[in-house]
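The next block holds one structure in the form of structure tokens; read it before the comments.
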Amino acid sequence: MEYAFGEIEKKWQIKWNASNAYKVSNHSPKPKYYVLDMFPYPSGAGLHVGHPLGYIASDIYSRYKRLKGFNVLHPMGYDSFGLPAEQYAIDHGIPPAVSTEQNIATFRSQLDKIGFCYDWSREVRTSDKQYYKWTQWIFLQLFDSWFDRKVQKARRIAELKDIFVKEGNHQFVCPGDRNIHFTAAEWSGFKPKQQSEILMHYRLAYCGIGEVNWCEALGTVLANDEVINGVSERGGHPVVKKKLRQWYLRITEYAERLLAGLDTVEFSESMKEMQSNWIGRSYGAEIDFNIVSDEANFSSQRLKVYTTRPDTIFGIDFMVIAPEHELVSQIVSVGQTKEVTAYINYVNSRSERERMAEKKITGVFTGAFCQHPFENRKIPIWISEYVLAGYGTGAIMAVPCGDERDFKFAQHFKIPITNIIGNFYTGEEANPTKEAILHNSGFMNGLKMADAINIAIEKLESLGIGKRQTNYKMRDAAFSRQRYWGEPFPIVWKDDLALPLSEADLPLELPALNDLKPGPDAQGPLANLRDWVSHDGGTREVNTMPGYAGSSWYFLRYMDPQNDQEFCAKEASKYWGQVDLYIGGTEHAVGHLLYSRMWTKALFDLGYIHFEEPFKRLLNQGKIGGDSRIVYRIRGTKQFVSSGLKLQHETDELHVDVSMVDGLELNMDAFRKWKPDFSDASFITEDGKYICGSRQEKMSKRYFNVVNPDDIVQKYGADTFRMYEMFLGPVEQDKPWDTKGIEGVHRFIKKFWRLFYDAEKGLLVTDDVPSNEAWKAFYKMLKKVEDDTEKFSFNTAVSSFMIGLNELTDLHCHSKELLQKFLVVLSPYAPHVSEELWNAIGCSGSVLDAVYPEVEKEYLIETSKEYPIAINGKTRTTMMLALDITQDQIEQLVMQEPVVQKWLEGKQPKKIIYVKNKMINVVI
RNA sequence: GCCCGGGUGGUGAAAUUGGUAGACACGCAGGACUUAAAAUCCUGUUCGCCGAAAAAGCGAGUGCGGGUUCAAGUCCCGCCCCGGGCACCA
């Protein structure tokens, strides 16, 4: 019987489906294990061979865990809200709901062909109202919460109100505006609207005016992680700063816990590093300086700066404030007014991109000065764009001898530089050391800088002119989008107050809308729906939520996907707990992962779940690159020259579809038929063959290098495809796709099949007792495969299968007793062929529910080893020696070895090194 | 500029704590079976030297240059290149 993978795979996919083979229960005596893939955005392009890499890895691991006796949750769904569907609707007039539905159908059929063990009864779609009902609900919980910094935990707004009524806010600094202070009496005297505005400054999901990343081309604001080098991550459109009313998540309040949580999870070091860089914690101090001026009106003003190096306070030569700083308008002297105005205009004329692209040193003196707190000297205050308004206090104390930017600024404007670090400062460049001994530094003279930092802060605090301060680079996340295809906010505005809908009103459904043109005043398309907007004497919020809303909590919904009373029953989240293994790409390092970590922490604080880190272990799969094929057209002609001869002509390079190329050899007929332009193409060949050039690049339609998994499965079968993707190399690593190599894995499965079936004789499997050699080959393989699967080294596991099979084939092993164990071990990797053969040899039940075999160590015990014999570290020969041999015996035997004798030339060796089970080295 | 990864045959890649570099495959070359092809099987395949060839042998070899060690792809120091992240964050 032949290995008819097409029939076999189809047959078992249907049977498994019919028998609910992958349905998972929330009730089981078995230990649980949760394996999750980052769910895909169902794009119109469908899957290419790069996408399933992580899915195959997680599928193998899920099946392996199941065989090991775990109750494994392994779900899949779709992140189906998002911009591309909306853009597609605008371009083609197909509503997002419709195109999304079609795309999901394509994805599903592609996924099904690969034979994944997903429990599809748990599928979620973020654009499904049964799902986004709970996204809206969680939003309302965040809206109804604030962060208590004392206990580092979210609490309810009602509790905050009680506190305000009793004692005002002196114990709880307002995170939205720390200048807001009030007593209990004042609070009670505030009008409802004032109270509401203050509460908004505390909420974890809040609405406020702020500088946002506005992308004109996309017609929406973007979160910081969606902007890369001043352009949008999606589409590469320019992004500008703009002041707008937006919704935000107060993720900055969780900065400390997001950092601390990294120590409790198994993410790669680089992943942790990216997250902690993004959070960007720094320790330092805020220091107040009195502003002095000949002009009397600002004698009472103070300038607050943030510094991480208060130890350098005696090295201040000037102050710099951001162009947007509120003091700018107040402190400028009459004489400098004109220049300052000109400079501010210049700064405003520069876009974010220009600022980043050309880092010019620019600035202007305000005419005002600060008084140095410890020395009787005046410090000039400058304005410069190198100081950012949004970080720290928007003002710095400049110490040019220790800071590169300050140094360059001082040089550029010829400001004299004070040296406080002696020989550590050369006058050539700044030295940011903490090791130097302080000079010219008053009470800190003679101290090492690293030690002086604390002393300086304590002194400043005791004088009441400074305090210890920790800052973070991370900003609150913009949470609203001026687009249609997203979750509507369950908020109604009445008299400028944001009123939440009640739970009973959820879901607030996204209304149907044919024309997706933007609303007035940079509002989203929903603003055009007057009837919908007008609600209960107020107006509905017309923004929608961003892509990361639905994806921040989807792993919880899988645990209890049909629940219409709760987002997830507590028993369900208690049973499944954290995701044990999460597999996905690194591109979500700071976006999705930080947001879902924050949501999880908030839900934990509010008592809805019992764990605060969503993902216990994260495995990042690498990207699979495309392998493009290039043809060379002689310039201005329709003649194409083969790669080896192209240097003889002036040519233009064109990408050709990889499906028309076998290896590097172009199918010239197919090429002529490809596009009308090429119908009369002629070729200059090498030995009658047209050889293409090749190039590794992104797998993308425009390079014609996309390989569809459907085609591979059609040609070689899903089992081959699965194993080949793993065989390509380590999962975490980026690698190019090369279809040619798949033959090796395909041959492996065919060869495996021949262990069971012969083309003429039929079934070969016997009831013979396997030989010791066969058991040894098998258990050696089992041990390696098991170890490798545990550590996600799937590529070496596939190699081990090949080695094991080669050995068993050589031993002519057809024993059912052994082969049925082999089938179990292979089944996570190649489930279809394993199930087929499992049934063919008369095993009961399904291989999916078999018991994973245990290594029988007695077959692996070795008594001797072929030792490499090295002379001065260089291997010259080998010797078969007993493992329990002693050093003395070794020395005797080695000295008799002819090759060793040859190298010794009659001399005595200096010593003989013997490392048991490793090697022997003769030192001459 | 700073912080992470990574550089091993023609290709994808293996290589516990330093211990036979190149497993397993692809490709290529030669051969067997076949009328032929497909499929399958066998042999060879890091480079160089020596040789008619084979065997054997010798030398070099894991980006480059040093070092530690009986022994280095693996550890240390200095550089080069590639990929990713961050980038006026005081």
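Chain naming here is simple, since letters A, B, ... match the order of the sequence lines and numbering starts at 1 in each.
- Aromatic rings from A:Tyr716 and A:Phe721 are positioned such that their centres are separated by 6.0 Å or more.
- Across B:C24, B:A60, B:A13, the shortest atom-to-atom separation from the side chain of A:Ile803 is found for B:C24.
- Glycosidic torsion of B:G27 falls outside 90° of 0, placing the base in anti.
- Remark: C1' of B:C86 and NZ of A:Lys473 are 6 Å apart, rounded to the nearest angstrom.
- Candidate nucleotides B:U16, B:C88, B:U40 were compared by shortest atom distance to the side chain of A:Lys918, and B:U16 ranks first.
- Counting heavy atoms from C-beta on, the side chains of A:Asn620 and A:Ser268 come closer than 4.5 Å.
- Taking the side chain of A:Thr875 as heavy atoms from C-beta on, and the options B:A13, B:A21, B:G19, the nearest nucleotide is B:A21.
- Rounded to a whole Å, the CD atom of A:Glu2 is 10 Å from the P atom of B:U40.
- Out of B:G57, B:U20, B:C41, the shortest distance to the side chain of A:Lys902 is found at B:G57.
- Rounded to whole Å, atom C1' of B:G27 lies 11 Å from atom CD of A:Glu743.
- No hydrogens or angles were tested; on distance alone, nothing pairs the side chain of A:Lys791 with the base of B:U16 as donor and acceptor under 3.5 Å.
- Out of B:C24, B:A90, B:C70, the shortest distance to the side chain of A:Ser799 is found at B:C24.
- A:Thr393 contributes a side-chain N or O that, together with a main-chain N or O of A:Lys304, makes up a donor-acceptor pair within less than 3.5 Å.
- When rounded to the nearest whole Å, the span between CG of A:Asn872 and P of B:A72 equals 11 Å.
- Residue A:Met879 contributes atom CE, which lies 18 Å from atom P of B:U20 at whole-angstrom precision.
- Rounded to whole angstrom, the span from the CD1 atom of A:Ile871 across to the P atom of B:U20 amounts to 16 Å.
- Closest to the side chain of A:Asn795, from the set B:G83, B:A14, B:A90, is B:A14.
- The side chain of A:Asn806 sits closest to B:A25 out of B:A25, B:G19, B:U40.
- Across all strands shown, the partner of B:C28 is B:G44, judged by Watson-Crick or G-U wobble contacts whose two distances both fall under 3.5 Å.
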